[in-house]
Q: 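Shown below is the structure under consideration.
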Amino acid sequence: MKVLITGFDPFDKEKVNPSWEAVNSLPNNIEGNEIIKLQLPTVFKKSAEKLFENIKNLKPDVVICVGQAGGRYEISLERVAINIDDARIKDNEGNQPIDESIFSDGENAYFSTLPIKAIRDELKNIPIPAAVSNTAGTFVCNHIMYSLLYYINKNNLNIKGGFIHVPYIIEQILDKPNTAYMPKEMIVKALETVIKTTVNNN
Ligand code: PCA
């Protein structure tokens, strides 16, 4: 199978984004499956346009988008994306949409089609802390998850898609006392497990 996996560039004054640091460290092949890594800008709309372009060209079987969720302790397997942009801060190009729908002809919400419960169980077995999350927020991460599932749905594509939030990595929390983090190597291992579980789950 062909797996497209994305991470975001750094935002909100961070120097790195753990999602891209981990995605970029994945091997190009996992158990015979081709792994294609793509960095997306932390920018409303532009991120989705870049993702759509790559899905069109690459025709992947699985698309997994990954983002930073600073302050969370575990790998968050997002269940649902909602049709709302409501930004607490500006994105990397100064956009700050408030209470705007993402696609006016889209559903109110779409559910992940990744096997999130099976992934959670596999991760806990390793063991890596993981949980199903019922909100991806209302910033660019929810925006990309919603856009991905909207695109798959509207175009009737046979693609499994979903979104994973990951904690800060160590270099981000050195000046943030008492803040949750996960070593990058553990996030990489988690993403490998996400991929294996998804391609093996029919
Ligand atoms: N996290 C942000 C957007 C980019 C990222 O890595 C979010 O949770 O919306």
Side-chain angles (χ1 to χ4, degrees), residues 4-26 37-54 63-103 106 109-112 114 116 119 129-151 161-173 176 179-184 186-188 190-191 194-195:
L4 175 62
I5 184 159
T6 72
F8 282 107
D9 64 358
F11 70 105
D12 197 16
K13 301 180 213 100
E14 294 294 334
K15 291 196 185 72
V16 295
N17 189 317
S19 66
W20 177 245
E21 298 301 313
V23 164
N24 199 30
S25 302
L26 285 167
K37 307 153 205 174
L38 174 69
Q39 193 189 63
L40 297 175
T42 302
V43 178
F44 289 99
K45 292 194 174 76
K46 205 181 237 188
S47 51
E49 283 158 17
K50 185 166 180 185
L51 180 65
F52 294 168
E53 195 60 37
N54 276 273
V63 181
I64 300 166
C65 297
V66 187
Q68 161 189 311
R72 288 197 196 176
Y73 284 87
E74 64 285 300
I75 301 287
S76 296
L77 309 160
E78 298 296 347
R79 189 198 299 266
V80 59
I82 58 176
N83 194 4
I84 275 290
D85 285 337
D86 192 29
R88 177 181 56 85
I89 53 171
K90 289 187 165 73
D91 72 13
N92 283 352
E93 290 191 356
N95 308 298
Q96 191 169 13
I98 308 290
D99 295 341
E100 287 178 19
S101 57
I102 302 172
F103 286 103
Y110 293 104
F111 292 110
S112 174
L114 302 180
I116 53 174
I119 294 169
V132 169
S133 159
N134 293 311
T135 178
T138 53
F139 191 51
V140 181
C141 287
N142 173 74
H143 180 89
I144 205 70
M145 181 180 177
Y146 184 89
S147 300
L148 166 65
L149 296 170
Y150 166 92
Y151 186 85
F163 191 91
I164 315 279
H165 262 126
V166 300
Y168 285 133
I169 48 178
I170 294 174
E171 55 260 51
Q172 295 179 279
I173 56 107
K176 297 184 186 82
T179 303
Y181 69 91
M182 190 178 273
K184 184 182 106 174
M186 189 178 276
I187 300 179
V188 175
L191 295 180
V194 169
I195 291 169

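In listed order, ligands and their atoms are each counted from 1.
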Q: Rounded to the nearest 0.5 Å, what's the gap from CD1 on Ile102 to CE on Met145? Could you check?
A: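 One gets 11.0 Å once the value is rounded to the nearest 0.5 Å.
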
Q: May I have a table of the N/O to N/O pairs between ligand 1 and the protein that fall below 3.5 Å, each row giving the two atom names and the distance to 0.1 Å?
A:
unit_1, atom_1, unit_2, atom_2, d
ligand 1, 1 (N), Gln68, O, 3.0
ligand 1, 6 (O), Asn17, ND2, 2.9
ligand 1, 6 (O), Gln68, N, 2.9
ligand 1, 8 (O), Gln68, O, 3.4
ligand 1, 8 (O), His165, NE2, 2.9
ligand 1, 9 (O), Val140, N, 3.4
ligand 1, 9 (O), Cys141, N, 2.9

Q: With under 30° as parallel and over 60° as perpendicular, where do the rings of Phe44 and Phe139 fit, or are they tilted in between?
A: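 Phe44 and Phe139: perpendicular rings.
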
Q: Excluding sequence neighbours, so at least two apart, what forms side-chain contact (heavy atoms from CB on, under 4.5 Å) with Lys90?
A: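 Applying side-chain contact (heavy atoms from CB on, under 4.5 Å) to Lys90 gives Gln96.
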
Q: Counting N and O atoms only, with roles assigned by atom type, does the side chain of Ser101 sit under 3.5 Å from a partner on the main chain of Phe103, one being a donor and the other an acceptor?
A: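 It does not hold such a pair.
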
Q: Taking Glu93 first and then Lys45, would you say they form a salt bridge - that is, a charged N and a carboxylate O separated by under 4.0 Å?
A: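 No.
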
Q: In this structure, are over 12 heavy atoms from other groups packed under 6.0 Å from Tyr168 atom OH?
A: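 Enclosed: over 12 neighbouring heavy atoms sit under 6.0 Å from OH of Tyr168.
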
